[in-house]
There are 2 protein chains.
Amino acid sequence: MTEESDRREEILEAALEEFSSKGFRGATIKSIAKAAGIQSPALIYWYFQGGKEELLQAVLARHAPVIQALRHPETLMERPPEEVLPMIARAYLATANSPIPQRLARLVIGEALRRPEVADMVAKRGAVRGLWFLKTYLEHQVELGRLRPHDTRSSARALIGMFVPQAVGDAFLPALKESDGLTDEEHIGTSIGIFLRGLRPEGITAEGAEKAWGVVE
Amino acid sequence: MTEESDRREEILEAALEEFSSKGFRGATIKSIAKAAGIQSPALIYWYFQGGKEELLQAVLARHAPVIQALRHPETLMERPPEEVLPMIARAYLATANSPIPQRLARLVIGEALRRPEVADMVAKRGAVRGLWFLKTYLEHQVELGRLRPHDTRSSARALIGMFVPQAVGDAFLPALKESDGLTDEEHIGTSIGIFLRGLRPEGITAEGAEKAWGVVE
DNA sequence: TAACACTGATTGAACGATTAGTCAAGAGGA
DNA sequence: TCCTCTTGACTAATCGTTCAATCAGTGTTA
């Protein structure tokens, strides 16, 4: 259960590479076999009797934990948004800049366009969980009086959404970032600044908030 | 030049339908012919000598004006953000809910993943133009003293990004919106509220702003 | 009017290439 | 010998594309 065959792992790696760059239909069993360094496509059927389809499922399953991610140590819950939100934004944009998650995103997006099950998996395991965590965190901060009361379903979407164009630029449309040269850190600073100021309770200034909640940096 | 053959138009329609639902590779010349109501795939080669590839290019070219869109009547420039931003958000989400733009988005996203030229077209004709308009508008509002000074490259991204999760939910991941039932109008109200409050000049209240700038609704 | 030819539009059948998947046989240890 | 792993050769189907033939009009000529 724990020890996977080396060959199987090699095939899965090659399949992710091929599927993500060429798409499910564009990648052929032979090209995957070649990329995995094996002589015959027949060997793939020894490890994945279900053929190409099972291979795709196995690749997705192989990285499902990564997709889930965003394990939320409850420690974050108590820390103030001035600290937590930039952390989340940095983690998000860092993911968009890493090769494996990029390939996974290419594969998953491409397949989600045609396969409702994949779209559903993305929505439920990825998006809904992420939004649920953000919403819970923001609600808790409202209860603590650090943010003014509002609809956290909406603010959770708005918060993560603010970084989507930049992430898409990183991962898929380099021309977008080149157009004005906005760096990730600049964007994080400005947009979280707007977000927090927009949700600051009445009559509280930035300096007062930092002192009251013990912001580290 | 103006009068296109009916048949050619029928084939283009069928091709958009097929390409967007099955992808470029997934859609076959025969299935497109069938969807267009013609008996033989050979007819497609009479109208598009370049074959399947030219057919794809023709479908994209057919709707290029729609992709550009966002013609910006200068009248918008002078009107206050309390009016303009919800208008933009509504137009954006309405587009995400319309069938033809949805199909186009499916096709374009799917192809942009594998074809750098398509990705570049999306970035330059779509994203960069849209961001440039928003940035210009926001800068102008800063000059008018209706928003406090800030990096408008970042706020333009943040603004349009806030609606991306909702738009994606509309067009691709229905499970996302079902998860908490947030409506488009609720989201527009809350998130633009946060955005505007976050960018309000120092010492100006919401009521004061509305009276000073003559917000209609 | 009738026969004809020309042109654009449409068809069914076929070709060659490529694909996912199969199979029997072999290699190499235990 | 037995079992796991690996291979090259093969199959059956499907794909994009080509091609010769045909159809429907539309003048043109006798």
Side-chain angles (χ1 to χ4, degrees), chain A residues 1-62 107 110-111 113-115 117-118, chain B residues 1-62 107 110-111 113-115 117-118:
Chain A
M1 193 185 290
T2 55
E3 278 238 15
E4 290 284 350
S5 149
D6 279 352
R7 263 297 143 78
R8 193 186 153 89
E9 202 63 24
E10 283 170 18
I11 294 174
L12 283 176
E13 270 182 45
L16 171 57
E17 172 64 34
E18 290 287 305
F19 282 150
S20 63
S21 62
K22 303 178 183 171
F24 178 71
R25 300 192 98 103
T28 71
I29 290 286
K30 284 188 181 174
S31 74
I32 295 170
K34 193 176 174 185
I38 58 185
Q39 306 296 332
S40 166
L43 186 54
I44 291 182
Y45 290 85
W46 200 88
Y47 288 98
F48 305 91
Q49 294 91 333
K52 202 180 179 184
E53 185 67 27
E54 183 184 332
L55 185 52
L56 170 65
Q57 301 299 336
V59 170
L60 294 178
R62 169 77 177 74
L107 170 56
E111 295 313 307
L113 289 175
R114 313 312 166 203
R115 301 173 183 240
E117 343 88 55
V118 176
Chain B
M1 194 185 290
T2 55
E3 278 239 15
E4 290 285 348
S5 149
D6 279 353
R7 263 295 142 80
R8 192 186 154 89
E9 202 62 24
E10 283 171 18
I11 294 174
L12 284 175
E13 269 183 45
L16 171 57
E17 172 65 34
E18 289 286 307
F19 282 150
S20 64
S21 62
K22 303 178 182 171
F24 179 71
R25 301 191 96 104
T28 71
I29 290 286
K30 286 187 181 173
S31 74
I32 294 170
K34 193 175 174 186
I38 59 185
Q39 307 297 332
S40 166
L43 187 54
I44 291 181
Y45 289 85
W46 200 89
Y47 289 96
F48 305 91
Q49 294 93 331
K52 200 182 181 184
E53 184 68 27
E54 183 184 332
L55 186 52
L56 170 65
Q57 301 298 335
V59 170
L60 293 179
R62 169 78 176 74
L107 170 55
E111 295 313 307
L113 290 175
R114 318 301 171 210
R115 301 174 183 239
E117 345 87 55
V118 176

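Every value quoted in this text rests on a predicted model; they were computed, and no experiment measured them. A note on names: the letters A, B, ... follow the listed sequences, proteins ahead of strands, and every chain is numbered from 1.
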For [X] against [Y], the heavy-atom pair lying closest together:
X	Y	answer
A36(B)	E10(B)	O-OE1, 3.7 Å
Y47(A)	E54(A)	O-OE2, 4.4 Å
Y45(B)	G51(B)	CE2-CA, 3.5 Å
P41(B)	K30(B)	CG-CG, 4.0 Å
R8(B)	A58(B)	NH2-CB, 4.5 Å

How far does [atom1] of [X] sit from [atom2] of [Y], to the nearest 0.5 angstrom?
X	Y	atom1	atom2	value
I29(B)	L55(B)	CD1	CG	6.0 Å
F48(B)	I32(B)	CZ	CD1	9.5 Å
I38(B)	I44(B)	CD1	CD1	4.5 Å

Review point. Does a nitrogen or oxygen in the side chain of R7(B) sit under 4.0 Å from OP1 or OP2 of dT10(C)?
Key: yes
Check residues 11-23 of chain A and write down every donor-acceptor pair under 3.5 Å in which the side-chain atom is one partner and the other belongs to a residue at least two apart or another chain.
{"unit_1": "E17(A)", "atom_1": "OE1", "unit_2": "R103(A)", "atom_2": "NE", "d": "3.1"}
{"unit_1": "E18(A)", "atom_1": "OE1", "unit_2": "K22(A)", "atom_2": "NZ", "d": "2.8"}
{"unit_1": "E18(A)", "atom_1": "OE1", "unit_2": "S31(A)", "atom_2": "OG", "d": "2.8"}
{"unit_1": "S20(A)", "atom_1": "OG", "unit_2": "L16(A)", "atom_2": "O", "d": "2.8"}
{"unit_1": "S20(A)", "atom_1": "OG", "unit_2": "E17(A)", "atom_2": "O", "d": "3.1"}
{"unit_1": "S21(A)", "atom_1": "OG", "unit_2": "E17(A)", "atom_2": "O", "d": "2.9"}
{"unit_1": "S21(A)", "atom_1": "OG", "unit_2": "E18(A)", "atom_2": "O", "d": "3.4"}

Exercise for review: With a 4.0 Å heavy-atom cut-off, tell me which residues in residues 44-59 of chain A come close to DNA chain C, sorted by residue number.
Suggested key: Y45(A), G51(A), K52(A)
Practice item. Go through the steps for R115(B) and E53(B) under the test salt bridge (Lys or Arg N to Asp or Glu O under 4.0 Å), then give the verdict. Key: CA-CA 12 Å; R115(B) 301 174 183 239; E53(B) 184 68 27; 2.7 Å; yes
Study note, to complete from the structure: By side chain to side chain contact (heavy atoms under 4.5 Å, CB included), R25(B) pairs with (sequence neighbours left out) R25(A)
Set out, line by line, the N/O atom pairs under 3.5 Å between protein and nucleotides 28-30 of chain C.
none

Point to revise | Stretch residues 18-40 of chain B: residues that reach within less than 4.0 Å of DNA chain D through a heavy atom | key: A27(B), T28(B), I29(B)
Check your understanding: Between which nucleotides of DNA chain D, read 5' to 3', does contact with chain B run, using atoms under 4.0 Å from its heavy atoms?
Key -> dC15(D) to dC19(D)
Check your understanding: Relative to F24(A), does R114(A) satisfy both conditions: NZ or CZ under 6.0 angstrom from the six-membered ring centre, and within 45 degrees of the ring's axis?
Key -> no
